[in-house]
Each structure stands twice: as structure tokens, then as C-alpha cells.
Amino acid sequence: MLRFGVIGCGYICHVHVNDIVNNLHGAKITAIYDVNKKSAEQVISEFKLGIQPSNSIDELIESPEVDAVLVFSRNDTHTEPILKSLAADKPVFTEKPLATTVEEAKQIVDAEVKKGKRLIQVGFMRRYDPYYQELKQTIDKGEIGAPLLGYCRHFAPAPPNDYYKTSDVINDTFVHEISVISWLFNDEYQSVQVQYARPNSTNTASELQEPQVATLKLKNGAIINTYLNINSHYGYEVKCQVIGETGIAELPDMPSTRIHKDEKIYNSVPIESGGRFAKAFQLEFQDFIDHVSKGEEPAGPSAWTGYMAAITCAKATESLQTNQVVDITFGEQPDIYK
């Protein structure tokens, strides 16, 4: 039984802990820490874990009762526990992003390369989503010819808080498209441009400018546009369409009951990402558990994937500030990630 130590007790922690306790097999939670002790106590109570909160990150990672570490803390706090987990030679699953700066992401990659093996998996769960998996297989089989263009949509009902920032649209939302598009098209990015659309007058976050439109160009010439809207109001919705030489492949509308009532026909839409990607969250964690419990390297998105996403996010932010197309380079991929 793989023993997990959990760091960070926000929304996504509740999603993952619920899966580990109720839906997955081969793992249990033996330690938990949050800078707010009451948040950790709430998770312990809610899921009847029967443990006491750890007093620090160091105590949790160094505990002989912890085999692997799960990092669910705030985006800009991932680096410390990841590096300390590597130093302790313990596998670590971190929610995206790997880090919020290119420098910290590179520091993590360098530390893992120095270990000479993969210990990190990054939570880009869309690669485990059955619908994205089918889309990927369709493209790889050549059923629509070479992919030429793409269209994505990533809508959320409202900012998660009043201090949600313009840059968060890229680092917290667009980062998912950044990860999944290069995987779908099997190529690296050449450039990115992000522009503002007409402001949404209903937006309540004072430091947030949106909607945004992002354009990614791949080295093979394919171009993908992504519409990013954090104030859709109607729910959480993700779309992806790939236009090939001989056809089009796209994600289906999410299956839900269709209601005919009051001169209307409509479907329900999930309000959170946990509703849309519930199965993907479970599959990515079960994959991590299955590999790590057998002493194998994690097989999911790597620290290098997280590093490339960090670079692309930084260039996208630069484009947003300059309103220019910005070139992207990644450098040589280390052997442990090939």
C-alpha cells in the first residue's frame, strides 16, 4: 500500500483525497500539511483519515510513514516541497503548474536530472481524459490527415476569487491548452500571441483583464487559437477541434440529460473542472500509484513538460504585455525525459 503525504488543502486537495479514499486502489494518506492547520484538520475530519496534521513540510517529507508526496498547495509554492521531495528521493505528484517562473521550473528539472531518474509527475490531467485520448488516437492514426489548424475554448463561470489576476488566465487556465496541444499535435511551439478582447462589464476581479485570445504556432506550421473566458457565468466548458488535411476531429459535447421544458431544449453544464474531468483525475492518479508502488518511474507528464509549459506561459505573458508575437525556444531535452 503506497503511503501518501499531502501538502496543501484547498479545492483540488478535496477532489484528489476523495478519489484516493473512495475511488482508487493501492494507496492511502498517512500525513497531511497545510500552512493553515484548520484546513488540514478539516480534510482529516471530512475523510476520516485518523491522523494528525504535520507541523511542517520538512516533517511530512521526512516521515518514514510517507512513501510519496502530493503537492496541492498554491501555484507559487510548489518549488520548495518538490525540491525537498527530490532530495529525500521520494516520488512527487504536483498539481500544475510545475512552477510559476521559468527559473524555478528549470531548477526543478536540473535537480531531477542530477538524480538520474524521473521522480516527478505534473497534474496535466487532460492527457488522461478518455475524450482527449480518443482525439489523440484519431490524429495519430492519420484519420484526418496531417493536423493543420486547431480551435480551443476554455470557459469558467466566474473568477475563483476577487484577486484573480490577468496573468492567472495564462498560468492557471491557458496552461492546460499549452500542455495538451503540443501533445495532440506531437510538436513543439514556435511562437505565441495573446490579445485582449472587449472587456466583460460583469467582471468583479479588479486585477483581471479578460476575455483573452491566444494563438500558438507550432514548428510544423500548424496554428491553434484558444478563447479564454473567466466570466462565462453559465458554467465550466472546454472545447477542442483539430482541422486536418482530410477531415476534422473534435471533442464531443459532454453527455448529460437533455431536458425539453418551457419551450426550451437544454443540457446541464458542470460548474467546476472537477465535474468535467472527474474521470481524468482518477485515471492520472491511478497511473501514478500503479507505477510508483512498483518502484517504477512515473509515466505521466514529466517535469520537462512542466518546464516547457512554464516557458510558454512566460512568453504568452510577455505577448499580452507587448501585443506582439513572441518566439519560443526550449533548449535540448535531457535524456531522462526522452
Side-chain angles (χ1 to χ4, degrees), residues 5-13 16 33-35 57-58 60-61 68-115 117-127 160 163-183 188-189 192 194 214 273 284 288 297-298 300-321 326 328-334 336-337:
V6 174
I7 297 173
C9 297
Y11 162 73
I12 201 64
C13 170
H16 292 320
Y33 170 78
D34 191 279
V35 66
I57 290 173
D58 291 321
L60 181 144
I61 293 173
V69 179
L70 309 180
V71 179
F72 304 145
S73 55
R74 200 177 65 195
N75 288 352
D76 60 353
T77 65
H78 292 180
T79 302
E80 179 189 357
I82 292 173
L83 289 176
K84 288 182 175 179
S85 297
L86 289 177
D89 206 33
K90 293 188 177 182
V92 55
F93 180 101
T94 179
E95 262 303 337
K96 59 78 190 168
L98 177 67
T100 53
T101 69
V102 174
E103 293 75 20
E104 289 186 357
K106 183 63 163 57
Q107 184 182 6
I108 292 169
V109 166
D110 288 344
E112 188 174 44
V113 170
K114 189 174 181 180
K115 298 290 289 187
K117 60 182 178 180
R118 281 192 55 190
L119 288 169
I120 300 168
Q121 180 169 326
V122 184
F124 290 119
M125 76 292 188
R126 291 191 188 183
R127 299 187 185 198
Y163 50 86
Y164 198 79
K165 298 180 180 180
T166 300
S167 59
D168 291 332
V169 179
I170 292 171
N171 295 317
D172 201 49
T173 300
F174 183 44
V175 67
H176 280 296
E177 276 73 28
I178 288 171
S179 167
V180 82
I181 288 168
S182 62
W183 174 70
E188 291 185 355
Y189 297 122
V192 62
V194 187
S273 61
E284 72 170 349
F288 182 75
E297 296 182 0
S302 67
W304 182 256
T305 301
Y307 172 62
M308 291 196 299
I311 291 174
T312 307
C313 283
K315 297 299 184 182
T317 302
E318 180 183 338
S319 174
L320 200 58
Q321 294 167 346
V326 179
I328 303 173
T329 56
F330 299 111
E332 182 67 26
Q333 184 183 40
I336 68 168
Y337 302 116

Closest heavy-atom pair, Ala309 versus Val175, reported as atoms and distance to 0.1 Å, is CB-CG2, 4.1 Å

I need the Asn75 CG to Asp168 CG distance, nearest 0.5 Å. 7.5 Å

Roughly how far apart are Lys96 NZ and Arg126 CZ, rounded to 0.5 Å? 9.5 Å

Evaluate the side chain to side chain contact (heavy atoms under 4.5 Å, CB included) criterion for residues Tyr33 and Ile57: first the C-alpha distance (whole Å), next the side-chain angles of each, then the deciding distance (0.1 Å), finally the verdict. CA-CA 7 Å; Tyr33 170 78; Ile57 290 173; 3.7 Å; yes

Nearest heavy atoms of Pro298 and Gln121, plus distance in Å: CB-OE1, 3.7 Å

Answer yes or no: are there more than 12 heavy-atom neighbours, outside Lys90 itself, under 6.0 Å from its atom NZ? yes

Residues Lys114 and Asp110 bridged, charged N to O under 4.0 Å: no

Is it true that Glu284 and Arg127 make a salt bridge, defined as a side-chain N closer than 4.0 Å to a carboxylate O? no

So do Ile108 and Tyr307 actually touch side chain to side chain, heavy atoms under 4.5 Å? no

With Gln107, which of Leu83, Ile82, Thr101 fulfils side-chain contact (heavy atoms from CB on, under 4.5 Å)? Leu83

Give the intermediate values and the outcome of side chain to side chain contact (heavy atoms under 4.5 Å, CB included) for residues Val109 and Met308. CA-CA 10 Å; Val109 166; Met308 291 196 299; over 6 Å; no

CD1 of Ile7 to NE2 of His78, rounded to nearest 0.5 Å, is 10.0 Å

Taking Lys165 first and then Asp172, would you say they form a salt bridge - that is, a charged N and a carboxylate O separated by under 4.0 Å? no

Which heavy atom in Phe288 sits nearest to a heavy atom in Pro91, and how many Å separate them? CZ-CB, 4.2 Å

Minimum heavy-atom distance between Gly331 and Trp304, given as atom pair plus value: O-CZ2, 4.1 Å

Rounded to the nearest 0.5 Å, how far does CD1 of Ile120 lie from OG1 of Thr305? 11.0 Å

Does Lys315 NZ have over 12 foreign heavy atoms under 6.0 Å away? no

Between Thr100 and Asn171, is the side chain to side chain contact (heavy atoms under 4.5 Å, CB included) condition met? List the steps. CA-CA 7 Å; Thr100 53; Asn171 295 317; 5.6 Å; no

Inter-residue atom distance Lys115.NZ - Glu112.CD, 0.5 Å rounding: 10.0 Å

dist Cys313:SG -> Leu320:CG (nearest 0.5 Å) comes out at 12.0 Å

Give the intermediate values and the outcome of side chain to side chain contact (heavy atoms under 4.5 Å, CB included) for residues Leu70 and His16. CA-CA 10 Å; Leu70 309 180; His16 292 320; 6.0 Å; no

Tightest non-hydrogen contact, residues Val6 and Cys13, listed as CG1-SG, 3.9 Å

Can you check whether Ile170's main-chain N or O pairs, donor with acceptor, with Thr173's side chain at less than 3.5 Å? no

Check ring-ring contact (aromatic ring centres under 6.0 Å, His included) between Tyr189 and all other residues, then give those that pass, not counting sequence neighbours. none

Closest heavy-atom pair and its distance - Ser302, Val122: O-CG2, 3.5 Å

Residues, nucleotides or ligands: over 12 heavy atoms within 6.0 Å of Tyr163 OH: no

